[in-house]
Amino acid sequence: MDASTPLPSLFLAHGSPMLALDGGAWGQAVSDLGRTLPPLRAILVCSAHWEAAGPFRFSSAGRPGVMHDFGGFPEALYALDYPAPGSPDLAREAASLLQAAGLETQLDPQRPLDHGAWVPLRYLAPEAALPVVQLSLPRPRTPERLLAAGRALAPLRERGVLILGSGGVVHNLRHLDWQDASGPESWAKDFQSWVDARLVTRDAGALAKWRSAPGAVESVPTSEHLDPLFVALGASQSAAEKQAAPGKLFDGWQLGNLSLASYRFD
C-alpha cells in the first residue's frame with residue numbers, strides 16, 4: 001500500500017471481554033493485521049457499546065481513558081488499561097464531515113473508551129500510541145443512516161485515519177454455551193452465511209434488509225452489535241474506487257454461537 005492508497009476500513013468482532021486476556025487465533029489475526037498496516041495518523045472506532053439518543057457523538061477528550069463496562073469477570077480483566085490519547089482535532093474534523101452530509105453531531109469531552117473499542121485495539125495497535133476517537137450509535141437509527149455516516153467519513157481514509165467498526169454479526173447472550181463445548185447452531189450459521197453472501201457482492205441495500213434474513217431473530221435480538229458493520233461498509237464506498245470484495249480477516253465462533261467474523265474493506 002503506497003501513500004496515495006486510501007486506508008481500508010475494518011469490522012472487527014470483539015466477542016467476550018475475556019478476549020482481552022486471551023485472544024487466541026482471533027487475537028493473532030488482528031495482531032497480524034496491525035503489523036501490515038501503513039503508518040496511521042489516528043483511529044476512529046464505532047463500537048456497539050456506545051448508544052446515545054439524538055445525534056451522532058464523537059469522543060473529544062485529550063485523554064479519554066477506558067471503562068470496564070461489564071460485570072462478573074476475573075479481576076485481572078478490570079486491571080487492564082489502554083492509555084491511548086484522544087484527538088479533539090480529529091473529533092471536530094469528523095463531526096464537520098457528518099454535518100456537511102446533513103447529519104447532526106455533538107462532541108462529548110467526557111466519554112471514555114468502552115471495551116468494544118479497547119479490546120480489539122489492544123491487538124490491533126498494542127502500543128496505545130495512536131490517538132483514538134470513538135463514534136456513537138445514535139438512537140433511533142437505520143442501516144441507511146449508518147451507511148450515510150460511513151460514506152461521509154470516508155475521506156478520512158485518505159488522511160491517515162483508520163475507520164473501525166466493532167461489534168459482532170451474531171450476538172445473542174441468551175444463546176451462548178458458557179462452557180464453549182459446542183459449535184454454532186444452524187440459525188447462527190444461516191445468518192452468518194447470509195451476511196457473508198451480501199458482503200461478497202458489496203450489496204449494502206440488501207444487507208440493510210437483514211431483519212428478513214434466515215436466523216435473524218435469534219442472531220440479532222437487538223441491532224447494536226451488527227450496526228457498526230454498516231459504518232465500516234459505508235466508509236469503504238467511493239465512486240472513485242473499484243469496489244473489491246471484502247477480505248475476511250477471521251472466521252470463527254466463541255461460546256458456541258458468538259460470531260468472531262471480522263472483515264477488511266479495501
Side-chain angles (χ1 to χ4, degrees), residues 1-12 33-34 36-48 50 55-60 86-107 116-117 120-121 124-125 130-138 141-167 195 198-208 210 226-249 262-266:
M1 180 180 291
D2 61 42
S4 64
T5 303
L7 290 166
S9 59
L10 307 176
F11 177 78
L12 299 180
L33 169 65
T36 68
L37 292 172
L40 303 178
R41 168 189 162 202
I43 299 173
L44 177 64
V45 55
C46 178
S47 161
W50 187 12
F56 288 93
R57 300 167 194 259
F58 292 93
S59 64
S60 59
S87 176
D89 288 343
L90 175 58
R92 288 189 289 268
E93 182 181 1
S96 69
L97 289 172
L98 291 197
Q99 290 165 3
L103 299 169
E104 187 181 357
T105 67
Q106 184 173 321
L107 301 184
L121 288 179
L124 187 69
L130 290 168
V132 179
V133 169
Q134 199 167 335
L135 167 66
S136 73
L137 293 169
R141 60 183 178 270
T142 63
E144 291 78 11
R145 188 180 179 196
L146 298 173
L147 286 163
R151 286 192 291 267
L153 294 170
L156 295 176
R157 296 170 46 231
E158 299 177 358
R159 305 174 193 174
V161 179
L162 184 70
I163 298 176
L164 164 63
S166 174
V195 169
R198 276 124 197 100
L199 288 178
V200 165
T201 60
R202 303 287 290 246
D203 193 340
L207 191 63
W210 63 264
L226 182 64
D227 283 339
L229 177 61
F230 292 104
V231 176
L233 181 59
S236 74
Q237 295 178 327
S238 169
E241 297 176 62
K242 181 180 179 181
Q243 301 296 289
K248 202 165 190 184
L249 297 167
S262 300
Y263 307 88
R264 169 179 177 151
F265 301 98
D266 285 289

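Since the model is a prediction, treat every value here as computed from it, not as a measurement.
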Working to the nearest 0.5 angstrom, can you tell me the gap between [X] [atom1] and [Y] [atom2]?
| X | Y | atom1 | atom2 | result |
| --- | --- | --- | --- | --- |
| Arg264 | Leu12 | CZ | CG | 11.5 Å |
| Ser87 | Ile43 | OG | CD1 | 12.0 Å |
| Leu162 | Leu121 | CG | CG | 9.0 Å |
| Leu37 | Leu130 | CG | CG | 10.0 Å |
| Phe58 | Cys46 | CZ | SG | 9.0 Å |
| Arg151 | Leu97 | CZ | CG | 14.0 Å |

Looking at every non-hydrogen atom in both residues, tell me the closest pair between [X] and [Y] and how far apart they are.
| X | Y | value |
| --- | --- | --- |
| Arg145 | Pro55 | NH2-CA, 4.2 Å |
| Gly86 | Pro131 | O-CB, 3.7 Å |
| Asp266 | Pro8 | OD1-CB, 3.4 Å |
| Gln134 | Trp50 | O-CZ3, 3.3 Å |
| Ser60 | Pro88 | O-CG, 3.3 Å |
| Leu156 | Ala94 | CD1-CB, 4.2 Å |

Side-chain touch [X]/[Y], heavy atoms, less than 4.5 angstrom:
| X | Y | answer |
| --- | --- | --- |
| Leu229 | Phe265 | yes |
| Leu135 | Leu153 | yes |
| Leu10 | Leu249 | yes |

>> Apply side-chain contact (heavy atoms from CB on, under 4.5 Å) to residues Leu199 and Leu233 and explain how you reach the verdict.
In response: CA-CA 9 Å; Leu199 288 178; Leu233 181 59; 4.3 Å; yes

Main chain of [Y], side chain of [X]: is a donor-acceptor contact present, judged purely on distance under 3.5 Å?
| X | Y | result |
| --- | --- | --- |
| Arg157 | Leu7 | yes |
| Ser9 | Ala232 | yes |
| Arg41 | Leu90 | no |

> Would Leu146 and Leu137 count as a side-chain contact (heavy atoms from CB on, under 4.5 Å) if you check the C-alpha gap in whole Å, the side-chain angles of each, and the deciding distance to 0.1 Å?
Replying inline: CA-CA 8 Å; Leu146 298 173; Leu137 293 169; 4.0 Å; yes

